Structures are given as structure tokens and as C-alpha cells.
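In what follows, a structure is listed as C-alpha cells, so that the remarks can point back to it.
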Amino acid sequence: MKEFFLKISNNEIYQRLFKNPFSYVAGATLLAFFNVLTFVFTGNGWGVTGAFANWAVWTLQPLGLDVSTWPSFASEAAQKTLAGGFLSDGVSVRNLGIILGALLATLLASQFKIKKIKSVRQVVAATVGGLMMGYGARLASGCNIGALFTGTANLSVSGWVFAATLLLGAYIGSKILKKYLM
Amino acid sequence: MSEKTATKRKPKSSQIPFALILLVGLIFFGNYLFTKSPNLVIALILGLAFGYILQRSRFCFTAGFRDPWLTGSTSITRAVILAIALATIGFFFIKYKAFLAGAEVIPGNAHFVNPIGISLLVGGVMFGIGMVIAGGCASGTLMRVGEGFQMQIISLIFFVLGSLWGVHDLPFWNSLSKDAPRIFLPDYFGWYGALAVQFALLGAAYFVAIWWQKKKMGSIE
Amino acid sequence: MKEYRLDCLGEACPIPLMKTEKKMMDLQVGDMLIVMIDHSCAMKNVPEWARTQGHNVDIEEVDDGEWEIFIEKVK
């Protein structure tokens, strides 16, 4: 049995189908196609970070967090999403799908490996970077997907402005990376 | 190539059985979601597709903005431009069709045509810095959690906490950007004019990207 | 004809690329650099960078999700 699967894994056609990386151009084409499909099926293009604040609320509510007075959660739709929970929220389920889809791709390619944290530096980078992304995404109403990819494709100038600020941010980030995190 | 000394290969194993177990699990999960709402199954399938594509193509939006500064490479930048161009065509038809049908609010506009004000500028720069430091944006972080990166699990946790913090402070930032305009290109240039402006911008960005890499790396191969 | 090893296991993008770029400057023409990585994106962007620079590149998958990238400096 083991050898049978190994044989499949090493098969040339299998590797072409499930292992060898796609080109960036192929990736871009497929992502665009599925973003349009997302628009067709859900009435809105692809977005990711909109659900993250809800994830925090669902985790912290049992610990006493009360967001009922926060203006951002005041709308009926926001209340309904919060009351429904993780598994009733389409965006949350889709994000979970991204994690599982990537896991499936790595397993099919036999390339899964737990990549352990190597240094304190990585923990600091992940903490600071994560916080900045989370805060920034709320201010900008989205991330590279919602505010940039889907935003610009919606013919919104905000997407283009976001792209310009990202370029500036990435420049500053690269300097910080070179100086402190290498 | 001259002779090389690769590390001795360990006997390799196939992870296909785990992939099959995961697939079975996904079918059960999908079935459970279906009892709640078929839309959730669609959401799951779309997510799986995005995760699969991102992983297989190593598509990284962060690299599209970072690599021009670090190495001068714009190969991913150009792929991002292509993705936007292709999505624009599909989005255009959906939106224009709704417009012709007399839709009061054009689909997508309420969520994705956002105000251009101080909060967008500050948020964008913060996000840009954060994604480079953390080694991946939102989709990249989710994708890498699936690949087994512990570092990205931490960055996801703090991404989520940062989102809550951002939502908490949002009223303050909104008060700074009160009259921030929402600019939808067709409102200013007409539908086909907007498409022309969009593709002019995308084309210009593409040529700048090629010029930049030639200048920095001497080649676009 | 020296051979150098660069351990980038556990490093996330873009650190492997930055380290490789830096290390290549120390190499003489004809030397070989072996970069050890386990970051799936680096197994695409490090070879791509090296090829654009005109070096000879080869990739070997040494373990599940682990690669060695051979870069021979040619100029």
C-alpha cells in the first residue's frame, strides 16, 4: 500500500498535475477567474479580512468582551453575523477553506512539514506584523484581496490609492526588515 | 553543472493517504454545511479553490509589492496586474449588466468602493509595513497556516486581534476622514470610458514594472 | 571551486532570498552555493532570482517540503 502511493507520488503525470508549481501567470488567471465566480455566486467579490474582527469577538466574548456599544457592530447585518457564529458566516468558512485548500495542495504534493519557529526574531516579526496588518486592514476596509484585488477590479479609485500606499509601506517594511530582522 | 554534494535523501514517503483522509473529511464537512445553507458549501468550495491556487502557484501579493524594493524583480507584480486586469473584465460585465437592468445600487459598490481619506492612507501604509515584516498578507498568512508554518499561526492570531483593535478605533479615524470621497470610475468617465481609464492605468503600471526590473536587474527573464 | 552551504531552514520569505543575495557576493566565479530551504515560496523565488542574475541553478527536493538549491556563480 505504501509503495503504491509512493509510486503515484513519483509518477510524472501526477507530479505535473498535483505537484509542480504553476507559473505566476497561471496563478493570476485562476485567481481572477475564481474572484469573478465569487462575485457571481455571493453578490460580492473576494474579501478576506472583513471576518477577522468577528473571529476576535467570537473568541473573546466568553471572556467578557462586550461589543454591543461599538458602532461598527451596530448594524443589523453585523449583529446577525455575530449571533450566527463562525460556521454560519460565509466569509469565515471561505477563509477556513483557504487554509484547508492549501493544506490539501501540500499533502497532494507530499510536501507538508510543520515549520517550527526558529527564533525570537520570528515571533516578534509575526506579532508586530500581524497587529499592523489587522489594524491597517480595518482602516483601509480590506487587505491585498478586498481593498486591492477586488477593489480595483470593482473600478474603484480607492483600490489604486491603496496600491500606492502599499508600495510605500512595503518600501518602509523592507528597510526595517534589512536593518532589524535579518 | 559541476558535481555537487546533495544531502543524502531520506527514504521519501507519500502523503497522498493524508490528502485522501482530508478529502473525505471535507465531504462530511460540506455535507454538514449544506444542512445549514447551500451558500456555505459554495463558500467552502471557493475557499478551497483559492487556497489550492495560492499554494500551487506560490502566489504572494506581498512579494508583488516587496520584491521590487528588495531585488528589483517585478515578475509577481506583473502577475498581480494581470489578475486585476482579468478580474476587471468579469466584474465589468456583472456590474454593467446590473446597471442596464436598472439596479439602484451597482453590485459590489457598497463593499468595495471605499472612501479615500486619511484612514485609507494610514491603513494602507500600516498594512504594507506589516505584511513585509510578517512575511505574508491575509491570504498568504492563511495559505501558510495550511502549509504548516507556526510563525504564520502567530501572525494570524495577532492579525485577528489587530482587526478588533482597528474596529475599536474606527470611529476616531472616520471622524478624521469625514468628507472622504468614494470614487467609482464609471460615475466620472461613463462605463466604457472607465474601462479605458482602468486599462490605461493597468498598462502604465505594467510598463513601469518592466522598466523597473530592467533597470534594477538588467533583464526581465 | 569552493562549496558553501547556507542554512535557511525555518526562515520565511524574503529572508532566504536576501541571505542568498548577500552570500553570492562573497563567492568567486565557479564557486557553488547550496541554499537549504523549507519555505515553499522560496523554492520558487530564490531560483528565479539566481537565473535572472545569469547563474546556473538546480533544485533538489531532499525531504518532504525541504529543498536544496544549487547555485553556481558564473559571472
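Each chain gets a letter, A, B and so on, in the order its sequence line appears, and its residues count up from 1. Small disclaimer: the values here were computed from a predicted structure and weren't measured.
Note: B:Met131 leads B:Met131, B:Arg182, B:Arg66 in heavy-atom pairs under 4.5 Å with chain A. Ranked by heavy-atom pairs under 4.5 Å with chain B, the list A:Gly136, A:Gly173, A:Ala170 is led by A:Ala170. Among the candidates B:Ala83, B:Ala134, B:Ala49, the residue making the largest number of heavy-atom pairs closer than 4.5 Å to chain A is B:Ala83. With chain B as the partner, the residue from A:Trp160, A:Tyr180, A:Phe33 showing the most heavy-atom pairs under 4.5 Å is A:Trp160. With chain B as the partner, the residue from A:Lys118, A:Lys116, A:Arg94, A:Lys7 showing the most heavy-atom pairs under 4.5 Å is A:Arg94. Taking A:Leu87, A:Leu30, A:Val25 one by one and counting their heavy-atom pairs under 4.5 Å with chain B, the maximum is reached by A:Leu87. Of the residues considered (A:Met132, A:Met1, A:Lys115), A:Lys115 shows the highest number of contacts with chain B, using heavy-atom pairs under 4.5 Å. The residue among B:Tyr32, B:Trp165, B:Phe93 with the most heavy atom pairs within less than 4.5 Å of chain A is B:Trp165. Of all the listed residues (B:Val145, B:Val197, B:Leu54, B:Ile76), the one sharing the greatest number of non-hydrogen pairs under 4.5 Å with chain A is B:Ile76. When the candidates B:Asn174, B:Thr141, B:Leu161, B:Ile116 are compared by the number of heavy-atom contacts under 4.5 Å with chain A, B:Ile116 comes out ahead. In terms of non-hydrogen atom pairs under 4.5 Å with chain B, the most contact-rich of A:Asn20, A:Leu168, A:Ile99, A:Val161 is A:Ile99. When B:Thr88, B:Ile42, B:Ile129 are compared by the number of non-hydrogen pairs under 4.5 Å with chain A, B:Ile129 comes out ahead.
Taking each heavy atom of B:Ile53 and A:Gly27 in turn, the nearest pair found is CG2-O, 3.8 Å. Nearest heavy atoms, A:Phe39 versus B:Pro107: CZ-O, 3.4 Å. A:Ala140 and B:Gly124 make their closest contact through CB-N, 4.1 Å (heavy atoms, listed as atom of the first residue, atom of the second, distance). When all heavy atoms of B:Ala138 and A:Thr49 are compared, the pair lying nearest together is CB-CG2, 3.5 Å. The shortest heavy-atom contact between A:Ile145 and B:Ser139 is CD1-OG, 3.7 Å. The two atoms that bring A:Tyr24 and B:Ser75 nearest to each other are CE1-OG, 4.0 Å, heavy atoms only.
With a 4.5 Å cut-off on non-hydrogen atoms, A:Lys113 touches chain B through its backbone but not through its side chain. Residue A:Ala26 does not touch chain B at all, counting heavy-atom pairs closer than 4.5 Å. Of the two parts of A:Asn54, neither the backbone nor the side chain holds a non-hydrogen atom closer than 4.5 Å to a non-hydrogen atom of chain B. Interface remark: A:Pro71 contributes side-chain atoms only to the contact with chain B (heavy atom separation under 4.5 Å). Using a 4.5 Å cut-off between heavy atoms, A:Ile176 touches chain B through its side chain atoms alone. With a threshold of 4.5 angstrom between heavy atoms, A:Lys178 approaches chain B through side-chain atoms but not through N, CA, C or O. Contacts of A:Val93 with chain B are made by both backbone and side-chain atoms, with heavy-atom separations under 4.5 Å. With a 4.5 Å cut-off on non-hydrogen atoms, B:Val80 touches chain A through its side chain but not through its backbone. Heavy-atom distances place both the backbone and the side chain of A:Leu155 under 4.5 Å from chain B. Both the backbone and the side chain of A:Gln111 come within contact range of chain B, each with at least one heavy atom under 4.5 Å from a heavy atom of that chain. With a 4.5 Å cut-off on non-hydrogen atoms, B:Asn39 does not touch chain A at all. Residue B:Ile89 does not touch chain A at all, counting heavy-atom pairs closer than 4.5 Å. In this structure, the portions of B:Leu142 lying under 4.5 Å from any heavy atom of chain A include both its backbone and its side chain. Proximity to chain B (any heavy atom under 4.5 Å) is restricted, for A:Phe41, to the side chain, taken from C-beta onward. Heavy-atom distances place the side chain of A:Phe73, and not its backbone, under 4.5 Å from chain B. In this structure, the portions of B:Gln150 lying under 4.5 Å from any heavy atom of chain A include both its backbone and its side chain. For a residue to count as touching a neighbouring chain, one of its non-hydrogen atoms must lie under 4.5 Å from one of that chain's; by this rule B:Ile106 does not touch chain A. Residue A:Leu100 touches chain B through both its backbone and its side chain, counting heavy-atom pairs closer than 4.5 Å. Contact annotation for B:Thr62: both backbone and side-chain heavy atoms come within less than 4.5 Å of a heavy atom of chain A.
When each of A:Phe52, A:Trp70, A:Trp55 is checked for a side-chain contact (heavy atoms from CB on, under 4.5 Å) with B:Leu164, only A:Trp70 meets the rule.
Using a distance-only test at 3.5 Å, with no hydrogens or angles considered, no donor-acceptor pair links the side chain of A:Arg138 to the main chain of B:Asp169. In this structure, the side chain of A:Ser110 does not engage the main chain of B:Ser14 through any donor-acceptor pair within 3.5 Å. B:Gln198 contributes a side-chain N or O that, together with a main-chain N or O of A:Thr152, makes up a donor-acceptor pair within less than 3.5 Å.
Note: A:Thr127 OG1 to B:Phe158 CZ = 4.5 Å, rounded to the nearest 0.5 Å. With rounding to the nearest 0.5 angstrom, the CD atom of B:Gln15 is 11.5 Å from the CG atom of A:Leu104. Atom CG of A:Asn154 sits about 11.5 Å away from atom CD1 of B:Ile84, to the nearest 0.5 Å. Note that OG1 of A:Thr106 and CZ of B:Arg144 are 12.0 Å apart. Values are rounded to the nearest 0.5 Å. Atoms CE and CG, from B:Met126 and A:Leu166 in turn, are 13.0 Å apart once rounded to the nearest 0.5 Å. Remark: B:Leu44 CG to A:Ile98 CD1 distance equals 11.0 Å, nearest 0.5 Å.
At a threshold of 4.5 Å between non-hydrogen side-chain atoms, the residues A:Phe5 and B:Pro17 count as touching. At least one side-chain heavy atom of B:Trp69 sits less than 4.5 Å from a side-chain heavy atom of A:Leu167. Residues A:Ser158 and B:Leu120 form a side-chain contact, since some pair of their non-hydrogen atoms from C-beta on lies under 4.5 Å apart. The closest side-chain heavy-atom distance from B:Phe91 to A:Thr150 is below 4.5 Å. For the pair A:Leu148 and B:Phe65, the minimum side-chain heavy-atom distance is below 4.5 Å. A:Ile172 has its side chain within reach of B:Val125: a pair of non-hydrogen atoms, C-beta onward, lies under 4.5 Å apart. Counting heavy atoms from C-beta outward, A:Ile117 and B:Ile154 have side chains that approach closer than 4.5 Å. Between A:Thr29 and B:Leu82, the closest side-chain pair of non-hydrogen atoms falls below 4.5 Å.
A donor and an acceptor atom, one from each side chain of A:Ser88 and B:Lys36, are located under 3.5 Å apart.
Aromatic ring pairs are classed by plane angle as parallel below 30°, tilted from 30° to 60° and perpendicular above 60°; the pair A:Phe162 and B:Phe127 is tilted. A perpendicular orientation is assigned to the rings of A:Tyr135 and B:Trp173, their planes being inclined by more than 60° (bins at 30° and 60°).
Two rings, from B:Phe61 and A:Phe149, have their centers less than 6.0 Å apart.
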